[in-house]
There are 2 protein chains.
Amino acid sequence: MPHSPVLCTVDAVLLTLQQGALQVLLARRERAPFAGTWALPGGFIHPQEDADAQASALRVLQDKAGVRPPYLEQLATFSGPARDPRGWSLAVVYCALVPAERLQGLGDGVRLVNVDEVPALPFDHGAIVCQALERVRGKSQYSSLPVHLCGEQFTLPQLQAVYEAVLGEPLNKVSFRRKMDELAMLEPVPGALQGGGAHRPAQLYRLRPAFRRSLSLSPRGL
Amino acid sequence: MPHSPVLCTVDAVLLTLQQGALQVLLARRERAPFAGTWALPGGFIHPQEDADAQASALRVLQDKAGVRPPYLEQLATFSGPARDPRGWSLAVVYCALVPAERLQGLGDGVRLVNVDEVPALPFDHGAIVCQALERVRGKSQYSSLPVHLCGEQFTLPQLQAVYEAVLGEPLNKVSFRRKMDELAMLEPVPGALQGGGAHRPAQLYRLRPAFRRSLSLSPRGL
DNA sequence: GGAATAGTGTCTGTCAGACAGTATTGG
DNA sequence: CCAATACTGTCTGACAGACACTATTCC
């Protein structure tokens with residue numbers, strides 16, 4: 001039974017929506033290697049402490065950003081001798097979606113950057129961010145995934161804007177509303193309307209409890 | 001820099017099609033724990049030897065089954081303190097698709113079992129097989145994935161039967177051929193027909209070279 | 001009443017599936 | 001010619017998207 005000297009880590013790609021664009025959370029590295037540079041939040045798996053790799057990822061996000069993401073999904077595992085200068089390493093990477101409202105007052109060691117303006121990142125973090133975006137955009141085409149970027153309550157026009165920001169293309173209003181209706185995951189908040197503009201107020205919706213933790217899939221996309 | 005005592009392993013779910021049904025490859029465990037029982041082929045990552053976890057999976061499949069699968073995809077990573085009695089472990093699991101013709105003359109330590117008749121497996125291998133089937137069936141609904149279960153050359157009726165076996169439901173012949181045409185990944189083998197029956201012979205097709213390593217996706221499924 | 005946005009009714013082109021026809025082999 | 005399977009032409013119902021209309025607010 002070989003005792004392998006593999007460095008076991010987790011990294012997290014935390015995405016949110018701000019100013020109509022997807023943002024990814026970066027953390028300033030406190031220790032070598034690459035101390036002082038911005039990278040994905042990550043850390044070693046603590047076997048004595050963590051129930052599994054997902055628990056490690058939750059711990060890392062709690063420690064670095066003080067966030068408990070409502071949606072967290074395993075993205076993939078990256079490994080090899082070259083990605084970390086300390087030696088053969090393995091990173092289980094998770095992808096988190098968080099409503100912007102939960103990310104107020106981030107500390108000094110973390111920041112959000114537009115996914116279209118991500119600087120060069122250490123390790124293979126650049127490729128990891130790309131793969132996360134690919135996954136999120138892919139799943140958004142046929143599932144309810146983007147609702148996890150919204151807060152508790154939201155209007156259908158707001159939700160459509162979120163889908164359009166993630167997918168990067170405008171959507172048909174009638175089709176979008178038909179699909180949301182078919183997915184049957186939203187319920188109107190009785191009597192709750194979002195006013196404020198000089199126009200008809202919009203009905204507020206919330207996620208049905210059954211869909212809080214699971215996605216809803218549309219057979220033919222969108 | 002903590003030296004984590006995490007057991008780093010890879011497991012492989014190798015699927016093939018035999019007698020019109022999906023089969024999964026099991027290997028008899030030679031060592032403890034669970035010595036003598038059937039389980040997914042797996043083993044430790046060898047950092048000195050393996051370029052990454054995928055290389056570990058290829059090495060394991062080569063060693064245990066003598067196979068180099070034409071299609072190999074990372075499924076997910078499973079981890080925790082309870083899945084392996086030796087301690088906190090982490091398994092990067094890969095899913096392989098192999099044409100049945102490449103699995104002739106398997107040794108004594110391996111066997112194929114129908115995925116509907118998989119016995120209770122040690123570790124969390126039962127759940128892993130379920131997740132692999134879910135992934136393969138899901139992807140088969142909108143991609144060219146099942147072609148990797150066919151040999152070099154095949155007819156369209158044969159390919160349709162493969163899709164039907166994987167998906168577990170009959171497909172419309174006209175729609176299926178339209179989709180295969182749209183995917184533009186197959187080319188007829190000039191002058192090659194599959195005869196043998198008392199009926200019109202079928203055109204043989206092969207995968208276009210550009211699609212040997214990548215999948216082709218259909219926007220609206222099937 | 002006007003501006004602005006929310007929400008809905010209806011038409012139409014496109015596409016998946018059904019059906020039925022033709023094609024080509026062996027016996 | 002018959003049986004059996006390969007392949008193809010055409011119709012039809014369903015659905016996505018476009019358009020136009022109504023609804024409701026603030027000013």
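Note that this is a predicted model, so its numbers are computed, not measured.
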Checking all strands, does Lys179(A) fall into the base, sugar-phosphate, or nothing category for heavy-atom contacts under 4.0 angstrom?
->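 Result for Lys179(A) = sugar-phosphate.
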
Atom [atom1] of [X] and atom [atom2] of [N]: how far apart are they, to the nearest Å?
X         : N       : atom1 : atom2 : result
Gln160(B) : dA16(C) : CD    : C1'   : 14 Å
Leu204(A) : dA6(C)  : CG    : C1'   : 12 Å
Gln203(A) : dG7(C)  : CD    : C1'   : 11 Å
Gln194(A) : dG7(C)  : CD    : C1'   : 15 Å
Met180(A) : dC15(D) : CE    : P     : 17 Å
Arg178(A) : dC11(C) : CZ    : C1'   : 11 Å

Please name the residue in the list Thr9(B), Asp50(B), Asp11(B), Val10(B) that meets the side chain to side chain contact (heavy atoms under 4.5 Å, CB included) test with Val60(B).
->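 Option passing the side chain to side chain contact (heavy atoms under 4.5 Å, CB included) with Val60(B): Val10(B).
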
Answer with yes or no whether Lys173(A) presents, from its side chain, a donor or acceptor under 3.5 Å of a partner atom in the base of dG7(C).
->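 Indeed there is one.
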
Would Tyr205(B) and Phe154(B) count as a close aromatic pair, with their ring centres under 6.0 Å?
->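 Not under 6.0 Å, so no.
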
Measure from the side-chain N and O atoms of Gln158(B) to the backbone N and O of Thr155(B), and report whether any donor-acceptor pair falls under 3.5 Å.
->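 Side chain of Gln158(B) to backbone of Thr155(B): a pair is present.
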
Salt bridge or not for Glu164(A) and Arg137(A), using N-O below 4.0 Å?
->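 So Glu164(A) does not pair with Arg137(A) through a salt bridge.
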
Salt-bridge contact Glu152(B)-Arg206(B) (side-chain N to carboxylate O under 4.0 Å) |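 Judged by the 4.0 Å cut-off on N to carboxylate O distance, Glu152(B) and Arg206(B) do not form a salt bridge.
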
Could you go through nucleotides 25-27 of chain D and list every protein N or O atom that sits under 3.5 Å from one of its N or O atoms, giving the distance for each pair?
residue: dT25(D); atom: O2; partner: Ala198(A); partner atom: O; Å: 3.3
residue: dT25(D); atom: O2; partner: His199(A); partner atom: N; Å: 3.1

Is NZ or CZ of Arg111(A) both nearer than 6.0 Å to the six-membered ring centre of Trp38(A) and within 45° of the ring axis?
->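 That pair qualifies as a cation-pi contact.
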
